[in-house]
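Have a look at the structure below before the remarks.
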Amino acid sequence: MMPTYPYRFSLLLIPLLWQMSVSTAKAQEFAVYDSLSQLTSRIHQAGEATLVINFWATWCKPCVEELPCFEQLREQYAEKNVQILLVSLDFKSQLEKKLIPFLKAQQLKSEVVLFADQDVNTWIPYIYEEWDGAIPVTLIVKGRQKAFNLGKFESYTDLEAFVVPFIGDAKAISLKNLINCSSGK
């Protein structure tokens, strides 16, 4: 009869359990963009995809309330060449204390960037000339087409209605949907 080694199985199981705990506890991956050129480069990388960009911050209650809508949109339209970019305007100095714990707790699957460019007088009008800097704000970019929404989306249905005209053939987008400055309704 062969001797049994009761600890052998547990020795194999410990590294596996450790790896599982590390992967589930891992915070959302994100990038830090220090300049407008980094953000514009990311926007151009989208090519002909529908890129939905939401400007938000952890300290902005309406921003946080609408994040699940963007996650739902990402999941619903992932196969339709729709990309979600969540651009956090949190302070870079709060990265470790605020943003990383928030992302870890929320378990967001959308792409997240911390935008730390302090030259707001340059980048805010670049994003949308009439934007006063208040958040949340959503920008859709598809090729050369753009739409802008000031304020919070009250529901997923509202967000979806804003984005759907940009899904599919860019030439089929009606002009009335190109610039939308509603409050998300």
Side-chain angles (χ1 to χ4, degrees), residues 26-34 36-90 95 98-117 123-124 126-128 131 133-170 172-173 177-185:
K26 185 179 174 183
Q28 160 74 36
E29 296 212 10
F30 63 93
V32 176
Y33 292 173
D34 290 311
L36 178 59
S37 64
Q38 289 174 293
L39 182 59
T40 57
S41 176
R42 170 58 187 94
I43 291 169
H44 293 299
Q45 284 176 6
E48 287 301 313
T50 301
L51 179 61
V52 180
I53 307 167
N54 180 254
F55 292 86
W56 66 286
T58 59
W59 44 263
C60 168
K61 185 178 177 184
C63 300
V64 172
E65 289 173 349
E66 73 176 359
L67 284 176
C69 295
F70 289 95
E71 287 295 286
Q72 187 176 349
L73 187 75
R74 180 199 55 77
E75 189 174 306
Q76 181 77 26
Y77 291 98
E79 301 298 320
K80 302 267 188 198
N81 204 18
V82 175
Q83 299 174 11
I84 308 296
L85 179 62
L86 302 175
V87 179
S88 170
L89 299 179
D90 284 275
L95 180 68
K98 289 270 194 170
L99 186 60
I100 291 174
F102 178 86
L103 295 175
K104 186 176 178 180
Q106 296 298 313
Q107 298 182 342
L108 300 173
K109 295 195 180 355
S110 297
E111 181 181 355
V112 177
V113 299
L114 171 64
F115 189 54
D117 188 333
W123 69 260
I124 286 177
Y126 176 83
I127 299 298
Y128 185 68
W131 180 23
I135 55 174
V137 158
T138 303
L139 172 68
I140 298 176
V141 178
K142 182 169 184 170
R144 298 178 108 165
Q145 311 292 335
K146 291 183 182 180
F148 193 81
N149 186 82
L150 295 168
K152 175 187 168 194
F153 290 99
E154 295 301 323
S155 68
Y156 172 73
T157 305
D158 293 339
L159 173 60
E160 185 180 40
F162 179 63
V163 174
V164 163
F166 289 85
I167 298 173
D169 184 10
I173 299 170
N177 291 320
L178 294 182
I179 300 297
N180 178 357
C181 298
S182 69
S183 62
K185 296 180 180 173

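Heads up: numbering here begins at 1 and tracks the sequence. Quantities reported herein were computed from a predicted structural model and do not represent experimental measurements.
- The minimum heavy-atom distance between Phe162 and Pro165, with the atom names listed, is O-CD, 3.6 Å.
- In plain terms, the two heavy atoms of Ser155 and Cys69 that are nearest each other are C-SG, 3.8 Å.
- Judged as a side-chain contact (heavy atoms from CB on, under 4.5 Å), and not counting sequence neighbours, the contacts of Lys98 are Thr58, Gln94.
- Of all the heavy atoms in Leu114 and Asp90, the pair that sits closest is CD1-O, 3.0 Å.
- Trp56 places a side-chain heavy atom less than 4.5 Å from the side chain of Ser88.
- When the side-chain hydrogen bond (donor to acceptor under 3.5 Å, both in side chains) test is applied to Gln45, no partner is found at least two apart in sequence or on another chain.
- Applying the salt bridge (charged side-chain N to carboxylate O under 4.0 Å, His left out) rule to Glu65 yields the partners Lys61, Lys152; only residues at least two apart in sequence or on another chain are considered.
- Remark: Leu39 CG to Tyr126 OH distance equals 8.0 Å, nearest 0.5 Å.
- Scanning for side-chain contact (heavy atoms from CB on, under 4.5 Å) contacts around Ile124 gives Val120, Trp131, with sequence neighbours left out.
- By the ring-ring contact (aromatic ring centres under 6.0 Å, His included) test, Phe70 pairs with no residue at all, sequence neighbours left out.
- Qualifying ring-ring contact (aromatic ring centres under 6.0 Å, His included) partners for Tyr77, counting only residues two or more places apart in sequence or in other chains: none.
- The main-chain N or O of Phe153 is never found under 3.5 Å from a side-chain atom of Asp158 such that the two would form a donor-acceptor pair.
- Closest non-hydrogen pair, Pro136 versus Pro62, comes out as CD-CB, 4.0 Å.
- One N or O on the side chain of Thr50 and one on the backbone of Phe166 form a donor-acceptor pair closer than 3.5 Å.
- Contact detail for Ile43 and Val141: the closest heavy-atom pair is CG2-CG1, 4.0 Å.
- Taking Gln72 as the reference, Tyr156 meet the side-chain contact (heavy atoms from CB on, under 4.5 Å) condition, with sequence neighbours excluded.
- Between Glu71 and Gln107, the closest side-chain pair of non-hydrogen atoms is not below 4.5 Å.
- Atom CD in Glu48 sits 9.0 Å away from atom CD in Gln145 (nearest 0.5 Å).
- Residues meeting the side-chain hydrogen bond (donor to acceptor under 3.5 Å, both in side chains) test with Asn81, sequence neighbours left out: none.
- With sequence neighbours excluded, no residue forms a side-chain hydrogen bond (donor to acceptor under 3.5 Å, both in side chains) with Arg74.
- No side-chain heavy atom of Ile127 sits under 4.5 Å from any side-chain heavy atom of Ile53.
- Under the 4.5 Å side-chain criterion, counting only non-hydrogen atoms from C-beta, Ile135 is in contact with Trp59.
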Give the intermediate values and the outcome of side-chain contact (heavy atoms from CB on, under 4.5 Å) for residues Val113 and Arg42. CA-CA 10 Å; Val113 299; Arg42 170 58 187 94; 5.7 Å; no
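- Taking CG of Leu99 as the reference point, atom CG of Leu89 lies at 10.5 Å (rounded to 0.5 Å).
- Considering only residues two or more places apart in sequence or on other chains, Phe115 meets the ring-ring contact (aromatic ring centres under 6.0 Å, His included) condition with Trp123.
- The side-chain hydrogen bond (donor to acceptor under 3.5 Å, both in side chains) check on Ser37 picks up Ser35, with sequence neighbours excluded.
- Contact of the Leu159 side chain with the Glu66 side chain is not registered, since no non-hydrogen atoms from C-beta on lie closer than 4.5 Å.
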Decide yes or no on side-chain contact (heavy atoms from CB on, under 4.5 Å) for Leu73 and Val52, but give the supporting numbers first. CA-CA 10 Å; Leu73 187 75; Val52 180; 4.2 Å; yes
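- Of all non-hydrogen atoms in Leu86 and Ser110, the two that sit nearest each other are CD1-CB, 3.7 Å.
- Here the straight-line distance linking atom CG of Leu85 with atom CD of Glu111 works out to 5.0 Å at 0.5 Å rounding.
- In this structure, the side-chain contact (heavy atoms from CB on, under 4.5 Å) partners of Gln106, at least two apart in sequence or on a different chain, are Phe102, Leu108.
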